[in-house]
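Heads up: the structure comes next, in structure tokens.
The figures here come from the full heavy-atom set of this structure, side chains too, leaving out hydrogens, waters and symmetry mates.
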Protein chains: 2
Amino acid sequence: MTSKLADIAEYTGLSISTVSRVVNGHTRKYRISDKTKDLILSAANELNYRPNALARGLRLKKSHSIGLVVPDISNPFFAFVTRIIQNYAHSSGYSLIVCNTDESIDSEKEQIELLLSKGVDGFIIMPVGIESAHIEELLKENYPMVLLDRCFESLNTNSVLVDNYMGSYTATEHLISLGHRDIAIILGLKNTYTTNERLRGYKKALEDHNIIVNSNYIVGKDYRIENGYIETKFLLNLETRPSAIFTTSDLITVGALKAIYEENLKISEDISIVAFDDSEFAPFLKSPLTAIRQPKEIMGEMAVKLLLADINSNKSDLEKSKIVLKPKLIIRESVSDKRVLAVI
Amino acid sequence: MTSKLADIAEYTGLSISTVSRVVNGHTRKYRISDKTKDLILSAANELNYRPNALARGLRLKKSHSIGLVVPDISNPFFAFVTRIIQNYAHSSGYSLIVCNTDESIDSEKEQIELLLSKGVDGFIIMPVGIESAHIEELLKENYPMVLLDRCFESLNTNSVLVDNYMGSYTATEHLISLGHRDIAIILGLKNTYTTNERLRGYKKALEDHNIIVNSNYIVGKDYRIENGYIETKFLLNLETRPSAIFTTSDLITVGALKAIYEENLKISEDISIVAFDDSEFAPFLKSPLTAIRQPKEIMGEMAVKLLLADINSNKSDLEKSKIVLKPKLIIRESVSDKRVLAVI
DNA sequence: TTAATTTGCGCAAAGGTTTGCACTAATATA
DNA sequence: TATATTAGTGCAAACCTTTGCGCAAATTAA
């Protein structure tokens, strides 16, 4: 059976105050004698004392837990980042309350409200992104928070991001450099910062190489496998089929692969692919995937580091950090070199 | 700014008790007049009232959160199950505190202790499995709990499992049926229920077909990619190389693939593979993977359902449910048919 | 020996909720 | 008219901690 401070106090004949101070290691500050300290400590051990975090949190207005809100924890990218965050948070003395929004803005609002109720000391949010009022609220109340992977242009928040524009530009330019001109992009959730940036990079790369952007080639509306599948089907059945597709997430890629093989096409030979997000499986696919790799470890660690700094700062200093990480193009074999054909 | 019951009481001129009863919907039971109710509700709205879950939890001895302890949340299998659990728990009014143990038994003990401190109403644990005393403790104290994916033979707990023995037997027999006789297995964490069961299924299948088990072919010690890589390297360099490898987890499989391609071998042609755990990417691999698929959705949902039942039961009834789900063999192309060669 | 200081610890309030019990005013019953 | 019910609220304790302040005993200084 677990006991409380009062039990130890009774057992040792000392007061609750003294017991509290000892179990919290404040013996120096309050000048508790070594004798008393040892007595209490062994009693605590004997009686199997376990602090009640609820009571402590109530009194201290500090719960030592942080709220993580993530769009889809089964997405490999988010799953990995979550693990990093959990590890790092734990080793800093914080627990993680994990909330999955399934990319629903209503769910996001509700979950944040819930986390607020639970008295989390701060938030790491990978927002859905189509609405920001509730986030702004948090900001106004000075809740420690960092936005991860996605942010809002209009909001001055702590955030750690990947340079989506550059990643997208690089991927697109890679295709162009290999002779592709009919390049499609399958986007994730509409009207979000991330999607906008990725689209911007794609368009800019095309423009910089004097390729006219074809609006038929810009498709997609969310990050699920189905979206990748449907849009790829659509693209493959266009009268002028693109020679390359840029899939902007892990799961979209899976859907695209499914559609491509269903149509009995060969990757690279018949259709080229570049993916945003590099999977563990990418090197071993039928056609090893050329992909944009995001620095996941760093993203997770950085987010926690920033959040802890925010939690431990006094609220008055308004310095927010916006950290932008560089993604990296990993070249494998899913893109054909069309220049060769031209030359020969 | 968020307010508390006392603020609403002051604002409306009513007592804290009444406010509490109204915001909790106990107006019938306590016969609060509609007038009072409306007054309080609109005041609550106006003052932006948010219940303090810490205080409530303290008073009620109920936190409406459940502790999830998982070995590695970045493993696709666990990530997926976690998502299901989170969704289902949330829709039942519970939050999830997620703890990652990285397969460390010490971490597991520590995290459980932490969750106990936080006053979780119950546990869903995917235990490391090499030690059970701390779990037994929980059981003795009648904490609501369900073990997921892995259990202990010696402990009578709620648990939802996959029939590892059968999955393993099926996989092995599939290989045998296609003419393989030199079959290796790469196991996960040693001395755990899951590993023991998988090994047992493997051995039994061999024995049932009069194939002598070769201890050189039984390798592996944990679930990481590195383990898969190292052990596969080892197997491939044996003087009598196995013709097939049974990899017992997603991540082990990734490691195995890496090793195989590094040795410039072709899957199926040079070496066959069957995997435990079916990945989204499995169909699109260079050699589409024949795999044992676990019913992940059901596992997650069932675990929550069992836990909630346990939480809501009175502690005296000791009925524990042990639910064993059947895995399924998904045949693709990573196994060669050696019978054909023999016949021709 | 007396006064001043230090040592070692306890009192009690505070943090926000919930709920059994009691209390007042209004209404119904006799 | 006097009494019993009922409707509608409030009091205060309890959940478990933490911590500013204060107090007695022990020690030191004068």
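- A search for side chain to side chain donor-acceptor pair (under 3.5 Å) contacts involving A:Thr101 returns nothing, not counting sequence neighbours.
- When rounded to the nearest whole Å, the span between NZ of B:Lys35 and P of C:dA26 equals 12 Å.
- Taking the six-membered ring where the residue is Trp, B:Phe123 and B:Tyr143 present perpendicular rings, their angle passing 60° and hence far from 30°.
- Sorted by first then second residue, the side chain to side chain donor-acceptor pair (under 3.5 Å) pairs that include residues 145-155 of chain B, not counting sequence neighbours, are B:Glu103-B:Arg150.
- Residues meeting the side chain to side chain donor-acceptor pair (under 3.5 Å) test with B:Thr194, sequence neighbours left out: none.
- Listed pair A:Asn24 / D:dT17 fails the phosphate criterion, with no side-chain N or O lying under 4.0 Å from OP1 or OP2.
- Contacts of B:Arg21 classified as salt bridge (charged side-chain N to carboxylate O under 4.0 Å, His left out), with partners at least two apart in sequence or in another chain: none.
- The 5' end of DNA chain D is approached more closely, in terms of each residue's nearest nucleotide, by B:Ile32 than by the other of B:Ile32 and B:Leu60.
- Within the structure, every side-chain polar atom (N or O) of B:Ser20 is placed at least 4.0 Å from both OP1 and OP2 of C:dT19.
- The interatomic distance linking A:His26 (NE2) with D:dC21 (P) rounds to 16 Å, in whole Å.
- B:Ile40 places its CD1 atom 13 Å from the P atom of D:dG8, with the value rounded to the nearest Å.
- Atom CZ of B:Arg31 is separated from atom P of C:dT19 by 17 Å (rounded to the nearest Å).
- When distances run from any side-chain atom of A:Ser33 to the nucleotides C:dG8, D:dT9, D:dT19, the shortest one goes to C:dG8.
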Which parts of nucleotides 10-16 of chain C does protein reach within less than 4.0 Å, heavy atoms only, written one letter per nucleotide 5' to 3' as B for base, S for sugar-phosphate only and - for none?
BBBBBBB
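- In this structure B:Asp222 satisfies the salt bridge (charged side-chain N to carboxylate O under 4.0 Å, His left out) test together with B:Arg224, sequence neighbours excluded.
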